[in-house]
Protein chains: 2
Amino acid sequence: MAEPSSYDRAHARLTAYMRANGLKITRQRELILQTFLEAQKHLSIEELLKLVRAQDGGVGHATVYRTMKLFVQADIASERHFTEGASLYEAEGEGEHDHHDHLICRDCGRILEFEDPEIERLQEEVARRLGFKLQDHRMELFGTCTTVDCEHATQ
Amino acid sequence: MAEPSSYDRAHARLTAYMRANGLKITRQRELILQTFLEAQKHLSIEELLKLVRAQDGGVGHATVYRTMKLFVQADIASERHFTEGASLYEAEGEGEHDHHDHLICRDCGRILEFEDPEIERLQEEVARRLGFKLQDHRMELFGTCTTVDCEHATQ
DNA sequence: ATACTTGCAAATGCTTTGCAAGCAG
DNA sequence: CTGCTTGCAAAGCATTTGCAAGTAT
């Protein structure tokens with residue numbers, strides 16, 4: 001059996017969400033979905049808009065804003081706020097256990113993802129100790145990466 | 001020997017910073033410092049402005065914005081972005097080891113601070129494993145607190 | 001056909017900045 | 001006195017929204 005591509009999966013998720021909520025699949029939404037997934041990195045609305053307009057110059061920025069909010073609702077994307085200013089969007093993975101945190105290079109902007117079950121366990125423990133019922137968390141590590149092309153990469 | 005109050009300490013820090021940078025101590029800056037420290041909680045510019053204006057109705061909002069940025073530079077306050085929208089400012093503590101993270105109640109808005117050396121150690125380890133030199137981090141836990149007055153508190 | 005969507009422009013919310021008048025050192 | 005500060009208003013950003021025209025179902 002053929003493996004569904006990440007586009008196929010996301011598209012299926014979108015279709016289901018649309019159907020369930022009486023929404024429509026439009027040319028713009030298809031284009032934005034495809035462009036977003038192809039980029040395979042964290043994108044700001046501005047960057048995404050530029051890529052989308054390379055295919056269809058008539059797309060308005062409000063449409064990209066609205067569509068990305070929709071993708072977040074449909075669990076196709078998630079919104080991140082690593083720095084002040086513009087939000088970044090990243091593609092959502094599969095299962096229940098796709099939670100991850102981020103490591104961000106202050107020199108070159110590279111963003112790495114990681115998971116650490118031991119840290120998560122300790123977070124639960126801290127929350128319990130302080131009388132909280134933990135729902136979720138946000139953790140970002142900032143530093144500098146030592147890759148050869150650091151300083152040169154745009155992201 | 002008498003214990004210096006947190007106001008005294010902060011004021012000394014401010015004076016030193018001012019002198020070192022050729023800046024001036026004004027009536028507004030004194031008032032904002034005192035008001036900020038007395039509140040003893042995370043404050044938005046808007047909340048702080050309201051408190052300040054209760055003492056001196058003529059203070060402009062730009063002054064509060066500018067002054068809080070100054071306090072951050074002088075290491076008297078730090079700026080946090082727990083949610084989208086307005087930033088919150090919190091008073092900075094003493095020594096080198098006053099780093100802490102936050103636990104935020106989604107029901108009542110309460111903000112608790114905590115430190116966990118073990119988590120910090122694991123963060124260092126993750127960074128090293130991924131080839132990063134860690135500078136700092138941000139970690140916020142979100143959940144619900146089980147205090148009796150939760151849901152009723154404004155913060 | 002119906003009602004959701006789009007693109008535009010205008011509005012929003014938070015924050016910053018230009019400027020003339022005021023004040024600290 | 002010098003030049004840092006203030007308050008006001010206007011500008012700046014990222015994002016949202018109202019609306020008339022367009023389009024998916």
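Just so it is clear: chains get the letters A, B, ... in the order the sequence lines come, proteins before strands, and each one is counted from 1. Not measured: the values here are computed from a predicted model.
There is no side-chain donor-acceptor pair under 3.5 Å between A/H100 and A/E115.
Each of B/I104 and A/F132 belongs to its own hydrophobic cluster when Ile, Leu, Val, Met, Phe, Trp and Tyr are linked at side-chain heavy-atom distances under 4.5 angstrom. Residues A/M139 and A/F142 fall into different hydrophobic clusters, defined by Ile, Leu, Val, Met, Phe, Trp and Tyr side chains chained together at heavy-atom separations under 4.5 Å.
Taking 4.0 angstrom as the limit, A/Q28 places none of its side-chain polar atoms (N or O) nearer than this to OP1 or OP2 of D/dT23. Using a 4.0 Å cut-off, no side-chain N or O of B/R27 falls inside it from OP1 or OP2 of D/dT5. Neither OP1 nor OP2 of C/dT5 sits under 4.0 Å from any side-chain N or O of A/T26.
Here the P atom of nucleotide C/dC4 and the CD atom of A/E30 are 19 Å apart, to the nearest Å. Put simply, CG on A/L23 is 14 Å from C1' on C/dT6, counting in whole angstrom units. Whole-Å rounding puts the B/I25 CD1 to D/dC4 C1' distance at 13 Å. The CG-P distance, from A/D56 to D/dT23, rounds to 12 Å in whole Å. One atom, CG of B/L31, and another, C1' of D/dG7, lie 15 Å apart when rounded to the nearest Å. Across the protein-nucleic acid pair, B/R19 atom CZ and D/dC4 atom P stand 17 Å apart, rounded to whole Å. One atom, CG of A/L88, and another, C1' of D/dT15, lie 15 Å apart when rounded to the nearest Å. Rounded to whole Å, atom P of C/dA24 lies 16 Å from atom CG of B/L70.
Contact check on A/D136 versus B/R106 returns a salt bridge, with a Lys/Arg side-chain nitrogen under 4.0 Å from an Asp/Glu carboxylate oxygen. Using a 4.0 Å cut-off between a side-chain N of Lys or Arg and a carboxylate O of Asp or Glu, B/E125 and B/R121 qualify as a salt bridge.
With distances taken from any side-chain atom of B/K24 to the nucleotides C/dT6, C/dC8, D/dT5, the minimum falls on D/dT5.
Using cut-offs of 30° and 60° on the angle between ring planes, the pair A/H42 and A/H102 is perpendicular. Below 30°, between 30° and 60°, or above 60°: for B/H11 and B/Y7 the angle between ring planes is between 30° and 60°, a tilted geometry.
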Restricting both atoms to N or O, compile the protein contacts to nucleotides 12-16 of chain C shorter than 3.5 Å, with distance only.
unit_1, atom_1, unit_2, atom_2, d
C/dT15, OP1, B/S87, N, 3.0
C/dT15, OP1, B/S87, OG, 2.6
C/dT15, OP2, B/Y65, OH, 2.8
C/dT16, OP1, B/K69, NZ, 3.3

